[in-house]
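Data block below; observations after.
First listed ligand is number 1; within each ligand, the first listed atom is number 1.
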Amino acid sequence: MDIIIVGGGIGGLTLSLLLHRAGIGCRIYEQAPETRPLGVGINILPHASRELAGLGLETELTRVSVLTREAVFFNRFGQLIYREPLGRYAGYDDPQYSIHRSELHKVLFAAASERLGADRIFTGWKCVGVTQDSSAASARFRDAVSGEALPDQRGDAIVACDGLHSAIRKALHPAEGPPLYSGVNMWRGVSLWKPILTGASMIRAGWLANGKMVIYPIANDADGQGRQLVNWVAELQTPTYKKRDWNRPGDIHDFVDAFGDWHFDWLDVPALIRAADTILEFPMVDQDPLPWWTQGRVTLLGDAAHPMYPRGSNGAGQAILDARALTDALVAQQDPLAALRAYETVRLPFTAEVVRMNRKNPPDAILREAFERTGDKPFQRVEDVISNEELVALSEGYKRVAGFDRQSLRTVVPPGDAHDAQ
Ligand SMILES: Cc1cc2nc3c(=O)[nH]c(=O)nc-3n(C[C@H](O)[C@H](O)[C@H](O)COP(=O)(O)OP(=O)(O)OC[C@H]3O[C@@H](n4cnc5c(N)ncnc54)[C@H](O)[C@@H]3O)c2cc1C
């Protein structure tokens, strides 16, 4: 089999590595002419990190990331609402990585170049359409810089891993509207900062109405003096927004006042924000789940299939799980059409639930509950506001839907056991 992968982001590169391990041929076509350090922080949870470990990438990922130790939730007065361990610290076999997206991308790209061969990764190829007949699928491309037409590429199947603004999703579902705005805008940055709390804490604080922060370190000892790269996201209900672009610069004056009095004994939030070199802005958007992803020999994967709010650290993880499921289906079925259908049957309903859960009750629902029950006031004792059982139920409920509760992970076949052609 020969699979054409459109998009060499997190999902496309992981798919190429899994297919290669299974002995299935593939080629990657990526529109970016070169890989540049784009984006900011991203999290890989144990359900996805086990797949990356199965690909032999754990040592390298550990070197360039922070192994997240705990999740901590505070109100906007800096009072602790809830704390729970994460990753290996919570008893999982695999870690939770907090990592700069470009570092994750570099690790995947280097592994793909080495294992597939650089001649199977085409950069600067922008996909502009797909066609198919009874024997093959064909992708049309243009040079991403000059705009000139490039030769069509034929394969047994095409997998669209071309992200949030997927050209192939648009071709399959031309009547679908633009991404749906949640009413929340986000500003993101990375600051050089001394370790906060445990030095490996994922902090969520405040609530969207007045301003919410997500803060976590993504690289240790970034300056040789023990300071870390600390990723932060400021989220604020905002009536208007600009189209999502991963690289749109943001203006600190649009949001910093919401956090002006967040001077806690464990962190000075306005100072952290001001320490960032650059600020990016993007709206929190998603799409309604699609009724189908697959048309014959063409299917969708990752953000192209199921863009979701980044409220559960699951965008990259679900793309990685898609890649695993699609590889398993291609190994199990001789016929690529049947394999693509089988993959969709497993993954579409599952990821649709994650999209819905990210709207309704992602982990930060803990903050919403505290905000609403206190009327946005400081509390004397958190137990008077919300019980520990309720907090655990909110957190565990999300893990079950997204597939990273410990029980679900115990029942999944570990990577490499189902198919290991090497
Ligand atoms: C530049 C960039 C920065 C990001 N920064 C962050 C971040 O800071 N934090 C975070 O949580 N998430 C970030 N994301 C999103 C995150 O990587 C995805 O949500 C998640 O990893 C799902 O992976 P994916 O492979 O589906 O999509 P992505 O990782 O977004 O990959 C999609 C790939 O397809 C390529 N592509 C798009 N259109 C075409 C086309 N027509 N032809 C060929 N190739 C095409 C893109 O260049 C990209 O490499 C970023 C994505 C990008 C592209």
Any donor and acceptor pair, going by atom type alone, linking the side chain of [X] with main-chain N or O of [Y] inside 3.5 Å?
X      : Y      : value
Asn75  : Gly78  : yes
Asp221 : Gly226 : yes
Tyr398 : Asp364 : no

Between Trp232 and Tyr216, does the ring centre distance come in under 6.0 Å? no

By side-chain contact (heavy atoms from CB on, under 4.5 Å), Arg169 pairs with (sequence neighbours left out) Ser166, Glu176, Gln287, Leu290, Leu300, Pro307

Ligand-residue contact atoms, ligand 1 with [X], heavy atoms, under 4.0 Å:
X      : result
Arg188 : 9 (N), 10 (C), 11 (O)
Trp125 : 42 (N), 43 (C)
Cys161 : 32 (C), 33 (C), 34 (O)
Lys126 : 41 (N), 42 (N)
Gly7   : 34 (O), 35 (C), 44 (N)
Gly11  : 23 (O), 24 (P), 25 (O)
Tyr29  : 43 (C), 44 (N)
Gly302 : 26 (O)

### Message
Side chain or backbone, does Ala32 bring an N or O within less than 3.5 Å of an N or O on ligand 1?
### Response
no

(Q) So for ligand 1, is Cys127 a polar contact partner (N or O within less than 3.5 Å, distance only)? (A) yes

| message | Set out, in order, the CA-CA distance, both residues' side-chain angles and the distance that settles salt bridge (Lys or Arg N to Asp or Glu O under 4.0 Å) for Arg248 and Glu281, then state yes or no. | response | CA-CA 6 Å; Arg248 182 187 302 289; Glu281 171 187 343; 5.7 Å; no

| Would you say Gly41 touches ligand 1, if touching means a heavy atom closer than 4.0 Å? | yes

To the nearest 0.5 Å, atom CZ of Phe141 lies from atom CD of Gln153 at 6.0 Å

**Request:** For Trp187 and Phe282, run ring-ring contact (aromatic ring centres under 6.0 Å, His included): C-alpha distance rounded to whole Å, both residues' side-chain angles, the deciding distance at 0.1 Å, then the answer.
**Result:** CA-CA 6 Å; Trp187 290 267; Phe282 25 88; over 10 Å; no

Under 4.0 Å between heavy atoms, the region of Ala316 that gets near ligand 1 turns out to be both

Logged contact type for Gln31 with ligand 1, heavy-atom cut-off 4.0 Å, is both

Nearest heavy atom to atom 27 (O) of ligand 1, choosing from Gly9, Gly163, Ala304, belongs to Gly163

Thr123 and Glu34: side-chain donor and acceptor closer than 3.5 Å? no

